[in-house]
Amino acid sequence: MTTIARALPSLPHWETPPADLSGAIREIKAALRARIEASGRSVEEVFAVVEDQVRSRVAEIRDLRERGEAVWPVIDYADIAAGTVPPEQVEAVRRRGCAVVRGHFERAQALLWDESIVHYVERNAFFENYRGPGDDFFGSVGSTPEIYPIYWSQAQMRARQSDRTARVQSFLNSFWKHESHGVRWFDPDRDALYPDRIRRRPEGADSAGLGTHSDPGTLDLWMTASYQRAFRHLFDGSVERYDPWDAAHRTSASQYPGSTMCSAFRTFQGWTALSDMAHDQGVLHTVPIPEAMAYLMLRPLLPDAPDHDMCGVTTNQVFPADSKWHSDLLDGLVGIPDVEAGDSVWWHCDMIHSVAPVADQRGWGNVMYIPAAPWCPRNEEYAASVRQAFLTGSSPTDFPAEHYERDWEGRFTYDQLNETGRRGMGFTG
């Protein structure tokens, strides 16, 4: 389509959470609707473009499932390392926004790391001193403990600073447009070392799983100036130009604080398997449609959503995706294939995802969370707190202040960092 350049009304913005959330939601929704309408298109017309695209993608995914064909792209680490990933697989990752990397680490290495984590927590009497889940979200899964608030084990740190991880992260970062408007938004070949927890779900466990949600932010996605610029094409009548792989303005965006926030910009969320896992044993599911973020952002502007409500999105909670507001999207939910220890699993940072419930799980379900978080202003700023947490054995500031590891024996130390680790924390440039 061709749009006529015209002056559009400016948007109010709040760089910190507004005191009157309901009033601010009413104000921003009215302003966003007015801005779209000033472009010459109605909110309904703009949303219909996104809705048609989503429904087409969901139908495609449903057809693949019904034919028993794979939805998740599967890539061999050896091809990433050699630069020989077939073009059709590259295109599949771009279209689906997710991937399994086979053999990211040797299976034997991953199993040894899993065993070493057990020794690390037992040696330091973690289970005797465990105080229960530190946050309501992961505390809802039901098996205790399933998410271990452990960040600085030998296994986690060696995986994070591994050359193999750096190659996979660079490959994934390359899907994003990292330079535009004369700005280099991030360095695709240098990742910030983002410390996260581990999950160990034992054989025979019952787990409630995690509901469908997205993690890029909450009300800040509509209310802060940087995110308004990042999602500009959704609100200026040029929705066809929206690109979920464009990093412009996202790497310096403000984010409202909360117990579920991520201070870092991640191109992909990810985890590395420490055990073999079958596809029907409480595994990750996603809606593999990167463009679905446009649906999530525009859906609250339709007239059936109350003026004080962003379809359930609020501060200090995850961004929900539910059947009331997002049924078109949830029809595309699909799980990962079987994975082995050493495989890694990745999904676009905006994508809707969940963890399926499981009863009497067969086999262990163990992972360590390692994302792709390229070096950029936002991640450089967070790295300062990561360095301090690492040196003191503290819980990173994005996570509950549990600090189990401060006095633990066997914790990974500064002298064990390689060059990738030092650069990833900002100890060196």
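Sequence positions, counted from 1, serve as the residue numbers for this chain.
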Checklist line | Sole residue of Tyr369, Trp347, Trp245 in ring-ring contact (aromatic ring centres under 6.0 Å, His included) with Phe268 | finding: Trp245

Checklist line | Check against ring pair (Phe, Tyr, Trp, His ring centres under 6.0 Å), Tyr256 and Trp14 | finding: CA-CA 10 Å; Tyr256 291 169; Trp14 299 259; 8.9 Å; no

Check: Any side-chain heavy-atom pair from Met293 and Phe231 closer than 4.5 angstrom?
Finding: yes

Item checked: Non-neighbouring partners of Gln388 that pass side chain to side chain contact (heavy atoms under 4.5 Å, CB included), sequence neighbours left out -> Thr392

Item checked: Distance, nearest 0.5 Å, that separates CG of Leu302 from CZ of Arg33 -> 8.0 Å

Item checked: Ser162 (side chain) donor-acceptor with Arg158 (main chain) under 3.5 angstrom -> no

Check: Side chains of Trp271 and Ser344: do they bring a donor and an acceptor to under 3.5 Å?
Finding: no

Margin query: Using 0.5 Å steps for rounding, measure from the CZ atom of Phe412 to the OG atom of Ser153.
Written below: 9.5 Å

Note to self: For the CD atom of Glu291 and the CZ atom of Arg57, what is their distance to the nearest 0.5 Å?
What the structure shows: 4.5 Å

Margin query: Can a side-chain donor-acceptor contact be found between Gln416 and Thr413 if the only test is distance below 3.5 angstrom?
Written below: yes

Item checked: salt bridge (Lys or Arg N to Asp or Glu O under 4.0 Å) contacts touching residues 366-389 (sequence neighbours left out) -> none

Next item on the list: Report the residues that fulfil ring pair (Phe, Tyr, Trp, His ring centres under 6.0 Å) with Phe47, sequence neighbours left out, ordered by chain and then residue number.
Entry: Tyr295

Next item on the list: Please assess His13 against Thr224 for the test side-chain hydrogen bond (donor to acceptor under 3.5 Å, both in side chains), listing each intermediate value before the final yes or no.
Entry: CA-CA 5 Å; His13 58 90; Thr224 61; over 6 Å; no

Note to self: For Trp408, give me all partners under ring pair (Phe, Tyr, Trp, His ring centres under 6.0 Å), at least two apart in sequence or on another chain.
What the structure shows: Tyr120

Item checked: Pairs involving residues 346-358, ordered by first then second residue, that meet salt bridge (Lys or Arg N to Asp or Glu O under 4.0 Å) (sequence neighbours left out) -> Arg250-Asp350

Check: Stepwise, does the side-chain hydrogen bond (donor to acceptor under 3.5 Å, both in side chains) test hold for His285 with His353?
Finding: CA-CA 5 Å; His285 286 58; His353 57 286; over 6 Å; no

Next item on the list: Apply the test ring pair (Phe, Tyr, Trp, His ring centres under 6.0 Å) to residues Tyr414 and Phe390: give CA-CA distance (whole Å), side-chain angles for both, the deciding distance (0.1 Å), then the verdict.
Entry: CA-CA 8 Å; Tyr414 177 83; Phe390 168 65; 7.1 Å; no

Margin query: Using 0.5 Å steps for rounding, measure from the CG atom of Asp343 to the CD1 atom of Ile336.
Written below: 9.0 Å

Notebook entry, point to check: So, does Lys29 use its side chain to make a donor-acceptor pair with the main chain of Met310 at under 3.5 Å?
Noted result: no

Check: Can you tell me if His104 uses its side chain to pair, donor with acceptor, with the backbone of Arg102 under 3.5 Å?
Finding: no

Note to self: Taking side-chain hydrogen bond (donor to acceptor under 3.5 Å, both in side chains) as the definition, give me every residue that meets it alongside Asn173, ordered by chain and number, with sequence neighbours left out.
What the structure shows: Asp191, Thr267

Notebook entry, point to check: Gln281 and His279: side-chain donor and acceptor closer than 3.5 Å?
Noted result: no

Note to self: For Tyr382, give me all partners under ring pair (Phe, Tyr, Trp, His ring centres under 6.0 Å), at least two apart in sequence or on another chain.
What the structure shows: Tyr194

Check: Which pairs, with at least one residue in residues 218-233 and sequence neighbours excluded, count as a salt bridge (Lys or Arg N to Asp or Glu O under 4.0 Å)?
Finding: Arg232-Asp246

Notebook entry, point to check: side-chain hydrogen bond (donor to acceptor under 3.5 Å, both in side chains) with Thr314: which residues, sequence neighbours excluded?
Noted result: none

Note to self: For the CG atom on Asp407, are there more than 12 heavy atoms of other groups (residues, nucleotides or ligands in this structure) within a distance under 6.0 Å?
What the structure shows: no

Item checked: Spacing of Phe186 atom CZ and Lys177 atom NZ [to the nearest 0.5 Å] -> 11.5 Å

Checklist line | Qualifying residues under side-chain hydrogen bond (donor to acceptor under 3.5 Å, both in side chains), relative to Gln89, sequence neighbours excluded | finding: none

Checklist line | Donor-acceptor contact below 3.5 Å, side chain Thr212 vs main chain Ala321 | finding: yes

Notebook entry, point to check: Within the distance-only criterion (no hydrogens, no angle test), does the side chain of Ser395 pair as donor or acceptor with the backbone N or O of His403 below 3.5 angstrom?
Noted result: yes

Check: Within a strict 4.5 Å, meaning less than it, do heavy atoms of the Leu296 and Phe319 side chains meet?
Finding: yes

Note to self: Taking side-chain hydrogen bond (donor to acceptor under 3.5 Å, both in side chains) as the definition, give me every residue that meets it alongside Arg160, ordered by chain and number, with sequence neighbours left out.
What the structure shows: none

Check: Taking Arg423 for the side chain and Gly429 for the main chain, is one N or O donor matched with an acceptor at less than 3.5 Å?
Finding: yes

Note to self: Under the side-chain contact (heavy atoms from CB on, under 4.5 Å) test against Val85, which residue among Asp79, Val93, Asp76 passes?
What the structure shows: Asp79

Note to self: Just to verify, what does Phe235 make a ring pair (Phe, Tyr, Trp, His ring centres under 6.0 Å) with, not counting sequence neighbours?
What the structure shows: none

Check: Can you tell me if Trp185 uses its side chain to pair, donor with acceptor, with the backbone of His249 under 3.5 Å?
Finding: no

